[in-house]
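Please read the structure below before turning to the comments.
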Amino acid sequence: MTLLELVDVTASYGHVQVLDGVSLTVPDGGAVGILGANGAGKTTTLRAISGTVRTGGKITFEGRDIRGFRPDQVAALGIAHVPEGRGTLPQMSVMENLRVGAYRRKDRKGIATDIDYCLELFPQLKDRIGSRGAALSGGEQQMLAVARGFMAKPKLLLLDEASLGLAPSTAKAVYEAIRRLRAESGIAMLIVEQNATLAFSLVDTATVLETGRNALTGTSAELKGMDEIRRAYLGG
Ligand code: ATP
């Protein structure tokens, strides 16, 4: 079943239109990637879904029209956004960040179980549980951002450039954990990623954006086999 659908979505900052008709579908439990060069509109596509930019076109979640919803209304439907730059709260501890992620939930036992799960998924965070967000390394902050998104128990996780600024081995470890999270939780994911190798290790299908429009859409296997993708994104 379709969980999220965008049809011909446009988005503008003031008078500047940066999305010019983006369409994509995320099935229940599916993982979909958005690839593209700097400025292509990847981040704006996630913002269009989470209600932080002015949009046109059609955005439906579980069959319901959500275009124009405020960010808190979108979050209440079960969409968690892990933004570019991670969005961890620098003055709060790792534990407090995790609890903030769960602030809409009332199931105390479930929250405790999920915190344990996060610390098992990201053992580095266990050692830093009392440290402030600001004191963490880039990799640890990214792990915390993903864990905090998971703590909301979303149906859909929007993940923006989880590998940005990380050493290759750290980025790989973060993606391995995200893959495990996907397999074990069944949470659907829509991920923006410049590193196509990492993206293809996680997603089933992807779309490539060029200047605010879909340029190519296909399964990971189809896209990986295309010369233009290999040249532009896979280093050969
Ligand atoms: P990157 O990988 O560089 O983050 P992107 O594909 O995610 O690129 P967006 O961040 O969505 O691209 O940006 C799309 C276009 O919108 C760019 O031309 C960018 O300069 C512009 N833009 C982004 N945010 C704003 C903003 N807050 N105000 C005005 N223009 C913006």
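Just follow the structure's listing: the first ligand is 1, and inside any ligand the first atom is 1.
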_Contacting atoms of ligand 1, where contact means under 4.0 angstrom from a heavy atom of Ala37_ = 6 (O)
*Option with minimal heavy-atom separation from atom 14 (C) of ligand 1, where the choices are Gly39, Ala11, Gly212*: Gly39
*asked:* Using a 4.0 Å cut-off to any heavy atom of Glu161, which atoms of ligand 1 qualify?
replied: 2 (O)
*Measure from the side-chain N and O atoms of Asn214 to the backbone N and O of Ser23, and report whether any donor-acceptor pair falls under 3.5 Å.*
yes
*Within a distance under 4.0 Å of any heavy atom of Glu84, pick out the atoms of ligand 1 and give their elements.*
4 (O)
*Among all protein heavy atoms, pick out the one at the shortest distance from atom 13 (O) of ligand 1; state its residue, atom name and that distance to 0.1 Å.*
Thr44 OG1, 3.8 Å
_Contact with ligand 1 for Gly14, non-hydrogen, under 4.0 angstrom_ = no
*When Ser163 is tested against each of Lys172, Gln194, Gln142, Glu193 for side-chain hydrogen bond (donor to acceptor under 3.5 Å, both in side chains), which residue passes?*
Glu193
*Nearest protein heavy atom with distance in Å, relative to atom 2 (O) of ligand 1*: Gln194 NE2, 2.9 Å
*Hey, could you give me the CG/CE distance between Leu3 and Met189, rounded to the nearest 0.5 Å?*
12.5 Å
_Quick test of your reading of the structure: of Ser12, Gly41, Ala48, whose heavy atom lies closest to atom 12 (O) of ligand 1?_
Gly41
*May I ask you to list the atoms of ligand 1 that are less than 4.0 angstrom from any heavy atom of Arg47?*
24 (N)
_ligand 1 atoms in contact with Asn38 (distance to a heavy atom under 4.0 Å)_ = 1 (P), 2 (O), 3 (O), 8 (O)
_Crowding at CZ, Arg213 (>12 non-hydrogen neighbours, <6.0 Å)_ = no
_Charged N-O contact under 4.0 Å between Glu84 and Arg47_ = no
*Select one of side chain, backbone, both or neither to describe which atoms of Val18 lie under 4.0 Å from any atom of ligand 1, heavy atoms only.*
side chain
*Shortest protein contact, atom 10 (O) of ligand 1 (heavy atom only)*: Thr43 CB, 3.5 Å
*Is the centre of the Phe61 ring less than 6.0 Å from the centre of the Phe69 ring?*
no
_Is it the case that the side chain of Arg67 and the backbone of Gly57 share a donor-acceptor pair, with hydrogens and angles ignored and the cut-off at 3.5 Å?_
yes
_Does the protein come close to atom 20 (O) of ligand 1 - that is, does one of its heavy atoms sit below 4.0 Å from that atom?_
no
_side-chain contact (heavy atoms from CB on, under 4.5 Å) between Gln124 and Val94, worked out_ = CA-CA 11 Å; Gln124 294 92 324; Val94 167; over 6 Å; no
*Option among Thr207, Thr25, Thr205 that satisfies the side-chain hydrogen bond (donor to acceptor under 3.5 Å, both in side chains) test with Thr217*: Thr207
*asked:* For atom 22 (N) of ligand 1, what's the nearest protein heavy-atom neighbour? Residue, atom name and distance, please.
replied: Tyr13 CE1, 3.4 Å
